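What you are looking at is a predicted structure, and each value in this text was computed from that prediction instead of being measured. All heavy atoms count here, side chains included; hydrogens, waters and symmetry mates do not. Note that ligands are numbered from 1 as they come in the structure, with each ligand's atoms numbered from 1 the same way.
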Amino acid sequence: MFKTTIISAALGVVFLSVNAQAAEPIIIKFSHVVTSNTPKGQAAERFKQLAEKYTGNRVKVELYPNSQLYKDKEELEALQLGAVQMLAPTVSKFGPVGVKEFEVFDVPYLFPDKVALRKVTDGPVGKKLLAKLEPKGIKGLAYWDNGFKIMTANKPIVKPDDMKGLKMRIQSSKVLEAQMRALGTIPQVMAFSEVYQALQTGVVDGTENTPSNVYTQKTHEVQRDMTLTNHGYIGYVVIANKKFWDGLPPDIRTKLDQALKEATVLNNDVAQKDNDNAIAAMKASGKVTFHTPTPQERQLWMAKLKPVEKEVAPRVGAGLIQEIHQAIG
Ligand code: LMR
């Protein structure tokens, strides 16, 4: 009798601990470097909501926006180490982890508009690029949109030569370095979270970014002049630690894929509106003078920056550039 009681008590403890184990949610730490009221920030929030809903809270997504947890370069290292499970870095930031092909998205004027861009990200070229992440322990999951970039400075920038000599902050991309040198400026790689202070103290003179990123980092408080060049694109690759992602229970992974799909739709729906609203808000602040290049001026920007494509072809791959031109048609 006594023996049976001991065994049933032991089994009870095992059952409880297994049950408790089973109840432990799978934690996904999702870090990023922009504020929540941006296309990427909103999409990450939507992913969290749907991931937890669709898995019946068997997954818990912890969001760390605006560089709270990691800054640019640190975040990729943290993902590869498994300290965070998901990120959404810009396509410009994969050179340091050895996948420089993504910098092709930084080639100025390569994508005339978002329709052309989607033909690449949603087609075989985009898929092939995601596959290049896997040997680095990174699972490429989706492309999220932001928008086309403007130039910001504290002097009127009308023609390309007006930028000569400026110290310009850039993301960690050799293609962006080549772009800024083609404009006669001095490129300075810097984490996104450090830009505002660098502008305030004069460490750099200007930046390039999407209107949404410019506005949500309050750049308009320290930059008086903005030129709507739309000279290049900023978008994101949603990535996971490959070991973590491949190790998920298949039913959980399927539900997370669905959550990501719906978050991607939301991201692409809000991106253009957010950028338009950012320009309107900065205009309303009365702190910024905007310049929209005339068709003639746009031709000057394109003539100045078009040679960058040929210059960076050896880095990103001449074949890749060719495939993109073919995909765009
Ligand atoms: C940057 O300039 O670093 C930003 O594009 C970051 C981001 O995630 O949009």
Side-chain angles (χ1 to χ4, degrees), residues 30-45 47 63-79 84 86-97 102-103 105-108 111 114 117 121 140-153 167-177 179-180 185 187-199 203-220 222-223 226 229-239 263-264 267-268 270-272 274-275 278:
F30 190 152
S31 168
H32 66 79
V33 299
V34 293
T35 58
S36 300
N37 59 336
T38 57
K40 170 161 64 172
Q42 293 171 73
E45 292 275 356
F47 172 73
L63 290 179
Y64 297 95
N66 214 17
S67 305
Q68 270 173 27
L69 200 58
Y70 294 105
K71 297 193 291 190
D72 284 349
K73 188 168 172 296
E74 296 162 356
E75 66 175 16
L76 273 160
E77 288 158 4
L79 181 106
V84 289
M86 286 182 71
L87 303 173
T90 63
V91 287
S92 313
K93 296 180 179 173
F94 289 89
V97 292
F102 276 102
E103 290 179 15
F105 287 99
D106 292 333
V107 174
F111 299 96
K114 292 202 179 170
L117 188 92
T121 55
L141 299 171
Y143 288 97
W144 282 354
D145 189 16
N146 189 324
F148 287 92
K149 294 178 286 189
I150 66 177
M151 295 288 189
T152 75
K167 290 176 290 185
M168 294 297 288
R169 178 268 172 174
I170 59 168
Q171 302 175 84
S172 57
S173 158
K174 296 293 180 197
V175 171
L176 292 180
E177 252 182 62
Q179 168 195 283
M180 288 302 181
T185 69
Q188 193 143 352
V189 174
M190 186 182 293
F192 189 50
S193 55
E194 295 165 4
V195 174
Y196 181 91
Q197 193 180 14
L199 288 167
V203 168
V204 289
D205 302 310
T207 74
E208 59 156 12
N209 222 310
T210 64
S212 163
N213 279 346
V214 168
Y215 176 58
T216 51
Q217 292 295 315
K218 301 185 173 25
T219 313
H220 58 295
V222 287
Q223 297 271 272
M226 298 186 186
T229 47
N230 292 329
H231 61 280
Y233 173 72
I234 282 186
Y236 307 102
V237 189
V238 184
I239 58 177
T264 303
N267 168 272
N268 294 341
V270 302
Q272 191 53 50
D274 278 10
N275 279 293

* Asked: Is E75 paired with K93 through a side-chain N to carboxylate O contact shorter than 4.0 Å?
  -> no
* To do: Give the ring-plane orientation class for F105 versus Y143, where under 30° counts as parallel, over 60° as perpendicular and anything between as tilted.
  => tilted
* Structure fact -> Scanning both residues in full, the closest heavy-atom pair of L87 with F30 reads C-CE2, 3.8 Å
* To do: Tell me which protein heavy atom sits closest to atom 3 (O) of ligand 1, plus the residue, atom name and distance to 0.1 Å.
  => K93 NZ, 2.7 Å
* Distance to 0.1 Å, residue and atom name: give those for the protein heavy atom nearest to atom 8 (O) of ligand 1. => K40 NZ, 2.6 Å
* Structure fact -> Note: ligand 1 atoms sitting under 4.0 Å from heavy atoms of V34 are 7 (C), 8 (O), 9 (O)
* Quick one: does ligand 1 sit under 4.0 Å from the side chain of T210, the backbone, both or neither, non-hydrogen atoms only? -> neither
* Asked: What closest approach, in Å, do V270 and P39 show between heavy atoms, and which atom pair accounts for it?
  -> CG2-CA, 3.9 Å
* Atoms of ligand 1 close to N213 [distance to a heavy atom under 4.0 angstrom, numbered from 1] -> 4 (C), 5 (O), 7 (C), 9 (O)
* Contact atoms of ligand 1, heavy-atom distance to T90 under 4.0 Å -> 5 (O), 6 (C), 7 (C), 8 (O), 9 (O)
* Proximity of R169 to ligand 1 by residue part, where a heavy atom lies under 4.0 Å -> side chain
* Heavy-atom pair of closest approach, residues Q217 and F192 -> CG-CZ, 3.3 Å
* Asked: Between atom NE2 of H32 and atom CD of Q68, what is the distance when rounded to the nearest 0.5 Å?
  -> 8.5 Å
* Is ligand 1 less than 4.0 angstrom away from at least one heavy atom of H32? -> no
* To do: Have a look at Y236, W144, F192 and point out the one with the heavy atom closest to atom 9 (O) of ligand 1.
  => Y236
* Structure fact -> Closest heavy-atom pair, S212 versus N275, reported as atoms and distance to 0.1 Å, is N-OD1, 2.8 Å
